[in-house]
Protein chains: 2
Amino acid sequence: MTLVDVAAQAGVSVSSASRALTDKSASVDVRERVQLAARELGYVPDSTARSLKLGASRQVLFAVDDIGNPNYVAMLRAIERTFGYTGPRVSVATVGRDSGTPVDLVEAVSRGRADGLILSPIRRSSLLEERLSSSAIPTVVIGSVSESVQVDSVRIDSGKAIAIAAEHLIARGRRRIAFINGPSDTNPGEVRARGFAQSLRVAGIAADPMLEISAADFTVGAGVVAAHALFERGNYTELPFDAIVAANDLLAMAAINVAVGRGFRVPDDVAVTGLDDTELGSVFIPSITSVSLRAAERGARAAQMLEARFQHPQRPIERVAFEPELHVRASCGGAL
Amino acid sequence: MTLVDVAAQAGVSVSSASRALTDKSASVDVRERVQLAARELGYVPDSTARSLKLGASRQVLFAVDDIGNPNYVAMLRAIERTFGYTGPRVSVATVGRDSGTPVDLVEAVSRGRADGLILSPIRRSSLLEERLSSSAIPTVVIGSVSESVQVDSVRIDSGKAIAIAAEHLIARGRRRIAFINGPSDTNPGEVRARGFAQSLRVAGIAADPMLEISAADFTVGAGVVAAHALFERGNYTELPFDAIVAANDLLAMAAINVAVGRGFRVPDDVAVTGLDDTELGSVFIPSITSVSLRAAERGARAAQMLEARFQHPQRPIERVAFEPELHVRASCGGAL
DNA sequence: TTGAAAGCGATACCAT
DNA sequence: ATGGTATCGCTTTCAA
């Protein structure tokens, strides 16, 4: 069922059929006949052919590691809102371990399928960065990339965010602070570990490997496993920590669940902080003290930058940084 | 940067270039020259042109109302896992109120962009169903569609699920049961309202409009607003309800948060149940009694059905139904 | 093995 | 306003 069929049925040329359907100049008569024919035949234009001819797809791809993470959902909503009804349609691809690497993605999608790409990978790869450098379509990275890569990016120092959380706990008098990190082979995992170590150093607290653990993923499920492992380490009569810094809100929820399940009080026995400042975390009981990574703002900004690059392909590379922001809630004891 | 350029650079014909890159018959010499040229020029094939020629995109689209809902995330993961590494790439489009209607989507994506569509709309529309009937690409609906529409579907009776939750509360001796529903203009909203009413009727409990409220969305944020409204209705000294049935886990979390925030104990003063059986709900404190809608299984099944239709376009329409399953947890008092 | 050329389906230019 | 036709970038017959 192609435009040729519709044109034949309506008794006009394909050119006229095309015009009639895309509402260019066409007589009322032709327009009606063509639209009728299209309806009768159940004609649906082939977007692939149209894109090929037009050289644009009006599609933007948002590629994330795990769309189950509320952080990315917040970004997505902001991106969609920014493009709005008249902008390109945005679709999401997950590029986690299971579902194809970011490189696959950049390959697959590169040209034709989407006009632009917003990419938020958690694992750095030199291959990916190489591909990004010679990217076939406009791209904005939300996250960190090497300075050498010429690509627009929106970043935030999540190591600093972790440090802010840890410092807040220290300021409240907590001294034995545990850390539940995400996977250490990820960029956020690495950065957050450094941020945590740094904050202890500044406070003059000795780092203790027994108090640090990496969850297998930035998910609740992995967090529960990690938290249990943390609580079961060593032989103690008294809990060897009085606070837990979690690498995001999902891990914080898991930590609180496990702590409470083992009979400890949060925040009295163990204070807990998260990262991402999710709505879910603020509704959790106790509500979770969290450092915002400004996901929505970063998403919106990324969309704006992509749009700007569509307009001006030659504009200089732009790298924007946001500042993390602490939101004190009940899980660390509430406002000071 | 097209294949023509690569071919020129390598000093071969486009046909040879194409073969060299798609690994058909080509001499070692040619293959090497072409691949070198491609790398040098930063050539990336245009997927649009390829799809047009091949008549397939190896893409499947998953269209949902709100990917922020853990239920859809569970489906997505199952879909991706089912297609696996060798299957089509799946991308997600949200078709909520803000981001284009499902009809837009079916239009836009219909042909070319994706080989198949898995659609999980929450608002029924005759226009959508009409489009579905004459769908340009294989489609599976997760949710409910009129019997008259000839389309593969995977459904579950969420009204029954709500009834199971309410009946469980009644079995535990709760009698004044409130209901926080999702938006009433959605299909799940309608169905769940009927299921709730039905369960009261069976138990011989009079329905009380003061105890029912619709949240503006199936989200935590909307749930908090609705829960506050519910608690503030009427003038009472004693709480006019001893249980809340929530239309999903997000609304249940919101309800518990608000109840506890107002000084009530869950489940002692108010028992609460959810729907969807999310991981988040099981980690919430108290853990949320919930009726599983088998999101992962439905997602996997939908993917299988789509694959089957790819294989056998003429196979008869298949409609599969799943059964909801109650998971008793702390928010209603735990196991009986 | 290689190259020339047809064609996927739509759009837009150029005549009429 | 309408029709014929080249074209988007790629894959694939068909000959050589």
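So that the names make sense, note that chain A is the first sequence line, chain B the second, and so on, each numbered from 1. What you see below is based on every heavy atom in this structure, not just the backbone, and it leaves out hydrogens, waters and symmetry mates.
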To 10°, what angle do the rotation axes through the five end pairs on each side of the helix from C/dT1-D/dA16 to C/dT16-D/dA1 form? 40°

Does any pair with a residue in residues 134-151 of chain B pass salt bridge (Lys or Arg N to Asp or Glu O under 4.0 Å), and if so which ones, sequence neighbours excluded? B/E147-B/R155, B/E147-B/R319

Check the phosphate of D/dG9 against B/T48, side-chain N and O only, distance under 4.0 Å to OP1 or OP2. Yes or no? no

Note: chain A reaches DNA chain C at heavy-atom distances under 4.0 Å over the stretch, first to last nt, 5' to 3', of C/dG9 to C/dC13

Among residues two or more places apart or on two chains, list those pairs meeting salt bridge (Lys or Arg N to Asp or Glu O under 4.0 Å) that have a residue in residues 29-45 of chain B. B/D29-B/R33

Once salt bridge (Lys or Arg N to Asp or Glu O under 4.0 Å) is applied, do any residues pair with B/R77, and if so which ones, sequence neighbours excluded? A/D66

Set of residues satisfying side chain to side chain donor-acceptor pair (under 3.5 Å) with respect to B/S144, sequence neighbours excluded: B/R124, B/N187

Contacts of B/D115 meeting salt bridge (Lys or Arg N to Asp or Glu O under 4.0 Å) (sequence neighbours excluded), chain-then-number -> none

Under a 3.5 Å threshold, yes or no: a donor from one side chain and an acceptor from the other, between B/T94 and A/E80? yes

Those residues at least two apart in sequence (or on a different chain) that pass side chain to side chain donor-acceptor pair (under 3.5 Å) with A/S13 are A/S16

Each nucleotide of nucleotides 11-16 of chain D classed B (base within 4.0 Å of a protein heavy atom), S (only sugar-phosphate) or -, in 5' to 3' order, makes BBB---

Contacts of type side chain to side chain donor-acceptor pair (under 3.5 Å), residue A/S25, not counting sequence neighbours: none

Side chain to side chain donor-acceptor pair (under 3.5 Å) partners of A/S27, counting only residues at least two apart: none

Once salt bridge (Lys or Arg N to Asp or Glu O under 4.0 Å) is applied, what residue pairs with a partner in residues 296-312 of chain A remain, sequence neighbours excluded? A/D152-A/R309, A/R294-A/E297, A/R301-A/E318

